Amino acid sequence: MPAHDVILTAPMCRLGASFTGGALTRLDFLPLDTPVSTQLDARARQLARELDAYWQNPAHPIDVLFVPQGTPFQLRVWRTLMAIPAGQQTTYGTLAKLLGTAPRAVGQACGANPLPILIPCHRVVAASGLGGFMHSSSGAPLDVKTWLLAHERRAD
DNA sequence: TGGTACAGGCCAT
DNA sequence: ATGGCCTGTACCA
């Protein structure tokens with residue numbers, strides 16, 4: 001399941017990217033000690049360029065071709081997520097009401113998100129706290145979520 | 001099919 | 001601050 005096409009640098013971690021054809025289909029957070037790719041093809045270079053722009057300016061819209069794969073419900077949730085502007089947050093409960101479903105179902109769909117950052121699942125928090133990230137409720141993933149929120153907050 | 005596990009929420013102590 | 005029951009989806013037997 002792992003085996004990424006390229007590993008890129010990020011300020012708080014490394015990112016493993018997988019492509020299918022010309023489209024990005026998967027993005028994973030990896031530990032800081034993961035060796036970074038030295039050779040980048042055109043699509044990887046484009047992705048790296050867009051991400052760099054985002055690290056510089058959280059308001060920068062990431063312009064890359066990506067194709068998320070999931071159930072119809074998940075795609076519906078993810079599509080809704082992408083309407084949340086950078087620097088803003090929503091809760092699972094609010095989204096659930098909006099979609100006519102349950103908060104827990106929204107959380108599960110967020111966890112299944114194969115393209116974090118591009119699909120801003122980190123902008124969804126629990127009604128009473130931070131909530132989880134990448135299918136977990138503690139540990140490194142939560143640090144990443146916190147980092148991303150802090151990064152986007154700097155844009156005010 | 002039924003049974004369980006979730007990135008939550010809410011109302012009762 | 002804690003524990004219970006609710007919710008909709010996904011995944012596995």
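The structure displayed is predicted, hence computed values, not measured ones. Note on naming: letters A, B, ... go to the chains in the order of the sequence lines (proteins, then strands), and numbering restarts at 1 for each one.
For the atom pair CD of Q74(A) and CD1 of I119(A), the computed distance is 10.0 Å after rounding to the nearest 0.5 Å.
Minimum interatomic distance between P141(A) and M134(A) (heavy atoms only, all atoms of both residues): CB-CB, 4.1 Å.
When DNA chain B is scanned in the 5' to 3' direction for atoms under 4.0 Å from non-hydrogen atoms of chain A, the outermost contacting nucleotides are dA5(B) to dG9(B).
Applying the ring pair (Phe, Tyr, Trp, His ring centres under 6.0 Å) test to every pair with at least one member in residues 66-112 of chain A, sequence neighbours left out, gives no pairs at all.
Using a 4.0 Å heavy-atom criterion, one finds that G111(A) contacts the bases of the nucleic acid, with or without backbone contacts as well.
Near DNA chain C, defined here as any heavy-atom distance below 4.0 Å, there are no residues from residues 112-147 of chain A.
A distance-only check finds a donor-acceptor pair linking the side chain of R14(A) to the backbone of L32(A) [under 3.5 Å]. T34(A) contributes no side-chain N or O that, together with a main-chain N or O of L30(A), makes up a donor-acceptor pair within less than 3.5 Å.
For the pair Y54(A) and R49(A), the minimum side-chain heavy-atom distance is 4.5 Å or more. Between P116(A) and L118(A) there is no side-chain heavy-atom pair separated by less than 4.5 Å.
For the residue pair E152(A) / H122(A), a side-chain donor-acceptor distance below 3.5 Å is found, with atom types taken as modelled.
For F29(A), the ring pair (Phe, Tyr, Trp, His ring centres under 6.0 Å) partners two or more places apart in sequence, or in a different chain, are F133(A).
Using a 4.0 Å cut-off between charged side-chain N and carboxylate O, D28(A) and R26(A) make a salt bridge.
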Step-by-step side chain to side chain contact (heavy atoms under 4.5 Å, CB included) determination, V125(A) to T90(A) = CA-CA 6 Å; V125(A) 298; T90(A) 333; over 6 Å; no
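DNA chain C contains the following stems of three or more consecutive Watson-Crick or G-U pairs, with both distances under 3.5 Å: B:1-6 with C:8-13, B:8-13 with C:1-6.
Of the candidates V36(A), L47(A), D52(A), L27(A), L8(A) forms a side-chain contact (heavy atoms from CB on, under 4.5 Å) with just one, namely L47(A).
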Protein-proximity profile, nucleotides 1-8 of chain C, B/S/- by nucleotide at the 4.0 Å heavy-atom cutoff, equals ------BB
